[in-house]
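Down below is the structure, laid out as structure tokens.
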Amino acid sequence: MSQSIRRAIDLLRRSAEHPLTLTEAADVLGVHKSTALRTLQTLESERFVRRTGAGTYVLGSGLIELSELALGSMDLRQLAATQLRTLQRETGHTVHLAQLTGDEIVYIDKVDSRAFDAVKLPSRVGRAVSLYASAVGKIILTYLPREERDRLLSHVVFEQFTDTTFADRDRLEAELSRIRENGWATDNGEHDAYVMCVAAPIRDYRGQVVAAVSLTAIEVIASLDELKTNLPLLLETANKISAELGYTPSPAVTPTGRTTAAAGYRP
């Protein structure tokens with residue numbers, strides 16, 4: 001039975017790679033064509049394979065739907081927990097995980113620093129953060145489709161919380177362009193003047209940014225420049241969480257002509 005299951009899995013993988021003829025399917029399954037046909041018909045009835053007009057078989061939508069259901073049911077907080085706690089131990093700073101939920105960006109996890117700043121940070125799990133005056137908010141906004149970003153910001157009343165707040169749409173859009181160039185975002189005391197933060201995007205299996213991870217400290221503990229020295233660790237953490245969500249970086253060509261793995265952002 002285990003051998004039969006293994007061959008059926010191989011059949012599905014092959015059908016995802018290229019159209020299979022009945023003969024090829026029989027060879028993969030190690031059975032006669034009539035038996036292979038019955039197997040294919042069963043898989044077709046469940047939409048795991050699809051018969052083309054040419055009489056070949058390709059991967060069907062049923063398996064794709066199952067994949068999306070499984071990925072959608074994953075608990076991001078649970079998947080990210082180990083990586084967040086490792087990042088906190090290695091940097092000593094408070095770590096946040098934030099996610100777009102409806103029209104708000106909400107903290108869904110927080111790992112406190114043991115340093116003095118931990119008791120001074122106003123953040124808490126379940127609290128919505130400013131879309132435009134937080135590092136996690138700006139990083140998520142940056143990678144949203146333009147129409148979705150416009151929709152979210154259409155309800156925002158821009159306030160000048162501090163001297164560094166990007167308190168109008170034009171200035172914010174210029175900041176989002178810089179974030180897209182860099183691949184990471186900062187909060188230079190833009191909502192609370194004493195709070196510094198750097199954030200990186202988390203991507204799902206489609207490559208879409210669905211969350212953000214950040215390092216935060218009060219300025220007397222770490223300046224923004226000091227926080228930015230931890231960017232390699234922060235970006236590595238974001239990559240690892242993204243991998244847990246099924247994200248695979250696409251290859252990109254460097255200026256030297258070499259191919260490398262592009263994570264969609266760079267330090």
Side-chain angles (χ1 to χ4, degrees), residues 1-84 86 97 99-102 106 108-109 140 143-148 151 201-213 236-253 258-265:
M1 178 64 72
S2 61
Q3 183 71 11
S4 298
I5 294 173
R6 189 175 297 111
R7 286 176 175 174
I9 292 171
D10 194 24
L11 178 71
L12 291 173
R13 284 177 174 161
R14 298 282 188 90
S15 69
E17 293 170 357
H18 61 82
L20 289 176
T21 65
L22 179 58
T23 300
E24 289 171 325
D27 289 342
V28 172
L29 293 171
V31 297
H32 190 272
K33 284 185 182 180
S34 60
T35 303
L37 179 59
R38 288 195 296 272
T39 300
L40 287 167
Q41 288 172 338
T42 299
L43 292 171
E44 186 180 13
S45 69
E46 298 296 328
R47 294 181 294 111
F48 286 175
V49 298
R50 176 175 58 85
R51 191 171 186 269
T52 70
T56 56
Y57 292 86
V58 296
L59 190 69
S61 62
L63 198 60
I64 297 170
E65 289 173 10
L66 280 179
S67 298
E68 295 214 0
L69 284 171
L71 288 166
S73 67
M74 286 181 175
D75 185 335
L76 175 58
R77 181 176 179 177
Q78 182 178 357
L79 286 173
T82 298
Q83 298 300 335
L84 299 183
T86 299
L97 180 66
Q99 186 176 33
L100 180 63
T101 303
V106 177
I108 62 172
D109 203 356
I140 292 174
Y143 294 100
L144 284 178
R146 182 59 187 250
E147 57 273 16
E148 178 66 4
R151 187 186 68 80
I202 294 172
R203 300 173 185 271
D204 67 7
Y205 68 103
R206 300 162 297 180
Q208 295 180 3
V209 172
V210 294
V213 57
E236 181 183 1
T237 298
N239 276 331
K240 288 179 178 178
I241 297 171
S242 297
E244 290 285 346
L245 293 176
Y247 176 60
T248 303
S250 58
V253 178
R258 293 182 297 175
T259 300
T260 184
Y265 45 86

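Here the structure is a predicted model, which is why all the values come from computation and not from measurement.
- Residues satisfying the side chain to side chain donor-acceptor pair (under 3.5 Å) test with T42, not counting sequence neighbours, are none.
- The shortest side-chain heavy-atom distance between L20 and T56 does not fall under the 4.5 Å cut-off.
- Taking each heavy atom of R14 and V28 in turn, the nearest pair found is NH1-CG2, 3.3 Å.
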Evaluation steps, side-chain contact (heavy atoms from CB on, under 4.5 Å), between D109 and L76: CA-CA 10 Å; D109 203 356; L76 175 58; over 6 Å; no
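- Around CD of Q41, the count of heavy atoms belonging to other residues, nucleotides or ligands within 6.0 Å exceeds 12.
- V209 places none of its side-chain heavy atoms less than 4.5 Å from the side chain of L100.
- For Q208, the side chain to side chain contact (heavy atoms under 4.5 Å, CB included) test picks out D204, R206, with sequence neighbours left out.
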Run the salt bridge (Lys or Arg N to Asp or Glu O under 4.0 Å) check on E17 and R13 step by step: do they pass? CA-CA 7 Å; E17 293 170 357; R13 284 177 174 161; over 6 Å; no
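- Rounded to the nearest 0.5 Å, atoms OG1 (T237) and CG (L84) are 7.5 Å apart.
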Less than 3.5 Å apart, which donor and acceptor atoms pair up between the side chains of residues 32-40 and the rest of the protein, not counting sequence neighbours?
residue : atom : partner : partner atom : Å
H32     : ND1  : S34     : N            : 3.1
H32     : ND1  : S34     : OG           : 3.1
K33     : NZ   : T23     : OG1          : 3.2
T35     : OG1  : R38     : NH2          : 3.3
T39     : OG1  : T35     : O            : 3.1

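- Under the side chain to side chain donor-acceptor pair (under 3.5 Å) criterion, Q83 pairs with no residue at all, not counting sequence neighbours.
- Residues meeting the side chain to side chain contact (heavy atoms under 4.5 Å, CB included) test with T82, sequence neighbours left out: T86.
- Residues Y57 and E44 are in side-chain contact: their nearest non-hydrogen atoms beyond the backbone lie under 4.5 Å apart.
- Within the model, atoms CG of L245 and NZ of K240 stand 15.0 Å from one another, a figure rounded to the nearest 0.5 Å.
- Residues S15 and V49 share a closest heavy-atom pair of OG-CG1, 4.2 Å.
- The OG atom of S61 sits 10.0 Å away from the CZ atom of F48 when rounded to the nearest 0.5 Å.
- The shortest heavy-atom contact between P201 and A238 is O-CB, 3.4 Å.
- Of the possible polar contacts, none joining the R50 side chain to the G60 backbone as a donor-acceptor pair under 3.5 Å is found.
- Using a 4.5 Å cut-off on side-chain heavy atoms (C-beta onward), I202 and L97 make contact.
- Note: D27 CG to R7 CZ = 10.5 Å, rounded to the nearest 0.5 Å.
- The side chain to side chain donor-acceptor pair (under 3.5 Å) test applied to E148 returns R151, not counting sequence neighbours.
- Salt-bridge annotation for R6 and D10: absent, with no side-chain N of the basic residue lying under 4.0 Å from a carboxylate O of the acidic one.
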